[in-house]
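To keep things clear, I will list the structure first and then write my remarks on it.
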Amino acid sequence: MAKEKAFVTEIADINENFPQWYTDVIMKTQLVDYGPVKGTMVIRPYGYAIWEHIQRELDNRIKETGHENAYFPMFIPYSYLLKEAEHVEGFAPEVALVTHVGEEELTEKLVVRPTSETIICDMYSRWIQSYRDLPVLINQWANVVRWEKTTRPFLRTSEFLWQEGHTVHATAQEAEEETIKMLNVYAEFAKNVLAIPLLLGKKSEKEKFAGAVATYSIEAMMKDGKSLQAGTSHNLGQNFAKAFNIKFLDKDGTHKMPYQTSWGVTTRLIGAIIMIHGDERGLVLPPFVAPVQAAIVPVAMHKEGVLENAESLYNRLKKAGIRVKLDATDNSPGWKFNEYEMKGVPLRIEIGPRDIENKVATVSRRDSNEGKFTLPIESLETEIPKLLAQIHENLYNKASENLKNRTRIVKDMAELEKAVNDNCFALSMWCGDPSCEAKIKELYQATSRNMPFDQTPVGETCVCCGKKAKHKIYFARAY
RNA sequence: CGAGGUGUAGCGCAGUUUGGUAGCGCGCUUGGUUCGGGACCAAGAGGUCGCGUGUUCGAAUCCCGUCACCUCGACCA
C-alpha cells in the first residue's frame, strides 16, 4: 500500500518533472519493459494492443486512399545506402552494420534498414517500365533500426515499429499532391482516432529528411508545451529515381524519370498519446485506441447475485461491440478503481448490491473529475458508446485548448526566449537563413518545427536577425 | 566520446564512514476475516551483496581492476 500511495505522489510530479512522470507511467502501467540491449524496448500486451488499434484504423485509411501493403527485406546492401549522397550522410552514423556471418566476413556489408527507400527503389527500378505502371502506391508495416545515442520508450528507441508509404508518380505535381494528401490523412486520423490536434507544415532545409526535396510534418504539443514530431511526409522529387535509375517510357515515346514520395508514422504516436492526454493519476487513453474501453468492477462480489449481474452485463456490452473487461479477481474494489484509472481505461462501471436493487450501474469517466453517476442498467449498450464519443471529444478539445493557450506570436529574440521558457510554441517570422535557425537552437534550445500552410504574415522582419522575413514558422523545444 | 551518479530478494531501498550472523517496505505463497476509493490478521518462500583480483582470522563494507545501467550534453521518427 505504501508503495502505491507513493506512486500516486510521483505521478503528481507531472508538472515539475514531466519526463520522469512519462517513464514511470509507462513502466508501471506495463506498456513496455526495457530490452536486454540498450535502447531496445519490449512492448508488452497492454501497450501492443494500443498499437494494434492504431494500425487497424490507419491501415484502413491508407487503403481507402488507394494504397496496397507489401513487405521488403530488413537487410539492405550497404552499397545501396551509398547511392544517394544526402541519404547516406543522414543515416550512416546510426545504422547497424552486419559485417559477419558466424566467423566469416561478408564481402558485401549489410545494413539493418533504418528506412526502406533504398531497397524499395531498387525494386521499383525493375518493376517500372511504362507510364502504365504508374502510379505505384505501396505501404509497408515494419520495424526499423536506428542506433540513437539516447533513448526514451516510444519516443526514441533503437528499434521501432512503423508504417512507411513509398509511392512513384509520373509528374512532380502528382508527387506533391500525394505528399500533402497523406499528411492530411495523418491529421484526420490523429484528430478522429487519437484525439490529437496537429500543426501541419513544411520543414526547414535543416530539418528535412535526408534525400528529400521537401519534408512536411505533423507536430503535436505535449501537455508541458514541448513539441513532438508525430509523423512526416516527404516529397522525394527525382533524387532517388536518379540514384536508382528508375525510368519509365511515357506516352510521348521518351524515357522520363518519375517523382517519388515517402511518408511514415511510428510507435512514437503512443508516446504522444501518453504525453498529451495523461494526467497526475496516470494514463488517459483515447477511447478508440484504448485496449479496454470499459472496466466492470463488481462490488461485494460474495453477495448474492452480484457476480451474475456483472457477468450478464459483460456479455451484453461485449455483444454490443464494446471492448469491455470484467475484473472478478479478489483484489479490493478500491484497488481496482485505482488500477484502471492508472491504466487509462476511459470508463469504469461499478455494479454492487445497491445498483442491482435500483436496476442501475454506477459509471465513472476517466477524462473528467465530475464523479460517479448512475445509468439504468438496461440502457448501457446505447449509453456507453455515446459516452466514449463524448470522452473522445473532450480529450480533443482539451488538447486543442492547450495548443491554443501555449502558442504565442513573437517578434524578436527576447519574446522568443520568453515564450519557450514559458513552455509555449513561438510562432515567428523568419528570413530563411539557416544561421538564424542555428542561433535560436544554440541560445534557447528551440528548434524550428514547421512552416504552416497558411503563411499569412504575423510580422515583417525575421525574429532573429531583423532582416526582411520570408516565412512564418514555429519554433519550440522538442522531444 | 565529455561530466556526474548507481549496482544488495521480483520492485524500491537501508547497511559501506568505523570490516564481525544478510536487513526493511512493497509484491509473492497459504489459511482466515473483509469488500461502494489502493483492507486486516497469522504463517511462509525468496539474496554466491554486478564481476574479478588482492589485504585480513574474517569483506556487501578496505585496495586495485573490470563490466553494466541511469542522468545531463552532441545525433534523431
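The basis for the numbers below is simple: all heavy atoms, side chains too, and nothing from hydrogens, waters or symmetry mates. In what follows, chains carry the letters A, B, and so on, assigned in the order in which the sequence lines appear, proteins first and then strands, with residues in each chain numbered from 1.
Under the Watson-Crick or G-U wobble criterion, with both distances below 3.5 Å, B/rC64 is paired with B/rG52. B/rC11: Watson-Crick or G-U partner is B/rG25, with both key distances under 3.5 Å. Across the strands present, B/rC57 finds its partner in B/rG20; the criterion is a Watson-Crick or G-U wobble pair with both atom distances under 3.5 angstrom. Base pairing of B/rA42 is made with B/rU30, judged by Watson-Crick or G-U wobble geometry with both donor-acceptor distances under 3.5 Å. In this structure, B/rG36 makes no Watson-Crick or G-U wobble pair, since no nucleotide meets both defining distances under 3.5 angstrom. If you check B/rA77 for Watson-Crick or wobble pairing at under 3.5 angstrom, you find it has no partner at all. Taking a pair to require two hydrogen-bonding distances under 3.5 Å in either a Watson-Crick or a G-U wobble arrangement, B/rU71 pairs with B/rA3.
Here the P atom of nucleotide B/rG37 and the CG atom of A/Asp327 are 16 Å apart, to the nearest Å. A straight line from CZ of A/Arg366 to P of B/rG37 spans 18 Å, rounded to a whole angstrom. Look at CH2 on A/Trp335: it is 13 Å from C1' on B/rG37, rounded to the nearest Å. The CZ-P distance, from A/Arg348 to B/rG36, rounds to 12 Å in whole Å. B/rG37 atom C1' lies 14 Å from atom CG of A/Asn369, rounded to whole Å. In this structure, the CD1 atom of A/Ile26 is 15 Å from the P atom of B/rC70, given to the nearest Å. Note: NE2 (A/His302) to C1' (B/rA39) measures 13 Å, nearest angstrom. Between A/Gln30 atom CD and B/rC11 atom P the separation is 13 Å, expressed in whole Å.
Comparing the C1' positions of B/rG36 and B/rG31 gives a spacing of 27 Å, expressed to the nearest Å. Taking the C1' atoms as reference points, B/rC49 lies 13 Å from B/rA14, given to the whole Å. As rounded to the nearest Å, B/rG15 and B/rA9 have P atoms that lie 15 Å from one another. With both ends at atom P, the span from B/rU6 to B/rG50 equals 13 Å, rounded to whole Å. Spacing between B/rC51 and B/rC67 at atom P, rounded to whole Å, works out to 15 Å. Across B/rU16 and B/rC63, the matching C1' atoms stand 14 Å from one another, rounded to whole Å. Rounded to whole Å, the C1' atom of B/rU33 lies 41 Å from the corresponding atom of B/rU48. Between B/rG25 and B/rG65, the two P atoms lie 39 Å apart (nearest whole Å).
Across all strands shown, A/Asn331 has no heavy atoms under 4.0 Å from either base or sugar-phosphate atoms. Within 4.0 Å of A/Pro298, counting heavy atoms only, lies no atom of the nucleic acid at all.
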Which donor-acceptor pairs under 3.5 Å do the side chains of residues 352-364 of chain A make with protein atoms, sequence neighbours left out?
unit_1   : atom_1 : unit_2   : atom_2 : d
A/Asp355 : OD1    : A/Thr362 : OG1    : 2.7
A/Asp355 : OD2    : A/Gly352 : N      : 2.9
A/Asn358 : ND2    : A/Arg354 : O      : 3.1

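Taking the ring axis of A/Tyr340 as reference, the NZ or CZ atom of A/Lys343 does not stay both within 45° of it and closer than 6.0 Å to the ring centre. In this structure, A/Arg152 is not positioned above the aromatic face of A/Tyr479 in the sense of NZ or CZ being under 6.0 Å from the six-membered ring centre and within 45° of the axis.
Between the side chain of A/Lys336 and the base of B/rG36, no donor-acceptor pair of N or O atoms lies under 3.5 Å. Within 3.5 Å, a donor on the side chain of A/Glu341 pairs with an acceptor on the base of B/rG37, or the reverse.
A salt bridge links A/Glu57 with A/Arg61; the closest basic N to acidic carboxylate O contact falls under 4.0 Å. Of the charged side-chain nitrogens involved, none lies within less than 4.0 Å of a carboxylate oxygen, so that A/Glu188 and A/Lys191 do not count as a salt-bridged pair. Between A/Glu341 and A/Arg366 there is no salt bridge, since no side-chain N of the basic residue sits under 4.0 Å from a carboxylate O of the acidic one.
Few gaps surround NZ on A/Lys336; more than 12 heavy atoms of other groups in view lie less than 6.0 Å from it.
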| query | Could you run down nucleotides 71-77 of chain B 5' to 3' and tag each one B, S or - for protein heavy-atom contact under 4.0 Å? | reply | ---BBBB
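Applying the 4.0 Å criterion to OP1 and OP2 of B/rC35, one finds that A/Ser332 has every side-chain N and O outside that range.
In this pair, A/Phe240 and A/His87 present their aromatic rings perpendicular. The plane angle is above 60°, beyond the 30 to 60° band.
Residues passing the side chain to side chain donor-acceptor pair (under 3.5 Å) test with A/Ser79 are A/Glu108, sequence neighbours excluded.
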